[in-house]
Amino acid sequence: MDASRGSKIMEKKILILTSFVSGMGGMEKVIERTNTILSKNKKYTTRIISLSGGQSNLINGKTKFFYTGKESWINNINGSRFPFRSGIKHLDFILHAMYVFLVLIRYRPNYVVCTGFGQLVYANKIRNIFGLKYKLLSWPHFSIASGFGNIKYSTQADYCLGISKEINDEFIKACVEPEKVIYFPNPFSRMDIIKRKNDITTFVFIGRLLIDGQKRIRDIIDAAGKVNGDFRVKFIGDGEDADLIEKYIKNSPANKKLELLRGWVNDPWRLAGNPNALLLASAFEGLPTVIGEAMSRGIVCISSDCKTGPRDFIVDGRNGYLFPVGDVDSLANLMQRVVDGDINPSPEIIAESIDFFYEDRYEERLLKVFN
């Protein structure tokens with residue numbers, strides 16, 4: 001057997017299925033990084049399928065059935081986007097299943113990785129009906145608290161990748177066999193430590209602008225109104241509640257200390273400057289990318305103790321701080337302690353505390369999964 005035939009036999013094809021993404025979220029970044037790592041290894045080829053463009057298919061708040069626009073996050077990788085979205089749950093499910101069937105028959109992957117629970121259903125049925133041999137992996141990026149799909153469908157997967165320890169627990173509670181559950185947190189780059197040079201204490205929020213719902217930005221604004229001293233809070237990002245948040249800031253007693261920087265940017269940390277602390281008040285997460293990005297820069301994080309993810313990074317009182325979801329007074333108290341100088345941990349210790357999450361460690365875990 002010649003070398004070229006041997007290399008082809010060794011090649012493993014990986015298909016990643018995802019849907020309803022904004023194009024600028026943490027999950028997209030993780031998929032991009034995963035693709036980059038696998039692309040460096042000649043044993044693997046990857047293909048990413050985005051099953052509808054999420055917000056891209058919404059025009060003035062209404063669903064546009066056919067949308068040909070591109071998602072920039074998959075432009076530079078081997079990926080494509082299914083352009084149809086009816087807005088009718090069962091019809092979209094059927095359309096997605098038909099499209100995925102065509103991809104599976106043509107691409108013949110060794111592994112199919114599903115970020116949504118519904119994708120597991122038709123990927124498993126297609127495999128069984130047509131005798132396909134791929135391994136099926138469940139890789140959700142939200143907890144069951146999000147309400148995005150039914151985790152019980154993960155029992156149809158060969159393996160379940162939990163991006164947080166609590167999501168691993170959720171798999172097991174959903175009757176997935178423990179030996180099929182793998183702790184698989186997302187990767188983060190080792191960054192230069194940010195040197196704090198602010199005369200004014202600066203807090204930063206980076207993410208989707210939702211005044212209530214998942215991100216609970218209202219809580220941060222209300223907490224800022226209870227804090228005394230010289231400080232600023234920067235809100236960086238975009239989302240459907242941007243106008244509401246702008247109005248709420250104007251009516252806040254702390255309005256002169258709050259700054260809204262609207263729009264998605266490739267490097268929000270450049271706009272953040274040298275913040276003293278990151279703020280996150282979420283009702284739920286998966287594994288919040290922004291916490292890992294902040295801690296890799298040595299920035300202390302003050303986060304709600306939500307399901308799931310913050311506790312994977314933060315040991316309360318040691319390398320960061322947690323407060324109960326919706327507890328505005330506790331958040332304000334922690335912010336006040338930062339302003340007063342009572343919270344000022346070593347940036348180097350913060351960055352070192354998440355060593356397990358850095359890309360070199362992630363690459364080891366990733367290759368192990370596909371071996």
For the residue pair [X] and [Y], what are the closest heavy atoms and their distance?
X: Val181; Y: Val176; answer: CG2-CG1, 3.7 Å
X: His96; Y: Phe82; answer: CD2-CD2, 3.7 Å
X: Ala281; Y: Ser304; answer: C-OG, 3.4 Å
X: Ser252; Y: Leu258; answer: OG-CD1, 3.9 Å
X: Pro288; Y: Thr308; answer: CD-O, 3.9 Å
X: Val325; Y: Ala283; answer: CG1-CA, 4.0 Å

**Item:** From Phe171, Trp139, Tyr159, residue fulfilling side chain to side chain contact (heavy atoms under 4.5 Å, CB included) relative to Ser154
**Value:**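 Passing option: Phe171.
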
If you measure from the Lys or Arg side-chain nitrogens to the Asp or Glu carboxylate oxygens, is any gap between [X] and [Y] under 4.0 Å?
X: Glu285; Y: Lys215; result: yes
X: Arg262; Y: Asp243; result: yes
X: Asp212; Y: Arg218; result: yes
X: Asp241; Y: Lys247; result: no
X: Glu348; Y: Lys195; result: yes

With [X] via side-chain contact (heavy atoms from CB on, under 4.5 Å) - residues at least two apart:
X: Glu359; value: Arg33, Pro187, Ser189
X: Phe356; value: Tyr183, Pro185, Arg361, Arg365
X: Asp316; value: Tyr321, Leu322
X: Leu104; value: Leu15, Val100, Pro109, Val112, Ile126, Leu132, Tyr134

**Asked** Is the backbone N or O of Glu293 less than 3.5 Å from a side-chain atom of Arg297, with the two atoms forming a donor-acceptor pair by type?
**Response**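 Yes; judged by distance alone, with no hydrogens or angles, the pair exists.
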
Can you sort out the partners of [X] under ring pair (Phe, Tyr, Trp, His ring centres under 6.0 Å), two or more places apart, ordered by chain and number?
X: Phe313; answer: Phe188, Phe357
X: Tyr122; answer: Phe93
X: Tyr153; answer: none
X: Tyr248; answer: none

Supply the atom-to-atom distance [X] [atom1] to [Y] [atom2], rounded to the nearest 0.5 angstrom.
X: Ile343; Y: Gln336; atom1: CD1; atom2: CD; value: 10.5 Å
X: Leu260; Y: Ile249; atom1: CG; atom2: CD1; value: 5.0 Å
X: Glu246; Y: Leu209; atom1: CD; atom2: CG; value: 10.0 Å
X: Glu363; Y: Thr36; atom1: CD; atom2: OG1; value: 11.0 Å
X: Ile16; Y: Leu38; atom1: CD1; atom2: CG; value: 7.0 Å
X: Phe235; Y: Ile217; atom1: CZ; atom2: CD1; value: 6.5 Å

**Request:** Apply side chain to side chain donor-acceptor pair (under 3.5 Å) to Thr46 and Asn35, showing your working.
**Result:** CA-CA 7 Å; Thr46 58; Asn35 177 77; 2.4 Å; yes

**Asked** How is the hydrophobic cluster of Leu210 composed, in terms of its other members, when Ile, Leu, Val, Met, Phe, Trp and Tyr link through side-chain heavy atoms under 4.5 Å apart, directly or indirectly?
**Response**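 Members alongside Leu210: none; it stands by itself.
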
**Fellow cluster residues of Ile94, listed by chain then number, with links counted only when side-chain atoms sit under 4.5 Å apart** = Met98

Can you give the donor-acceptor pairs under 3.5 Å from side chains of residues 226-233 to other protein atoms, not counting sequence neighbours?
| unit_1 | atom_1 | unit_2 | atom_2 | d |
| --- | --- | --- | --- | --- |
| Lys226 | NZ | Asp329 | OD1 | 3.4 |
| Asp230 | OD1 | Arg232 | NH1 | 3.4 |

**Request:** Any pair with a residue in residues 104-122 that passes salt bridge (charged side-chain N to carboxylate O under 4.0 Å, His left out), sequence neighbours left out, goes on the list, sorted by first then second residue, please.
**Result:**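 Sorted pair list comes back empty.
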
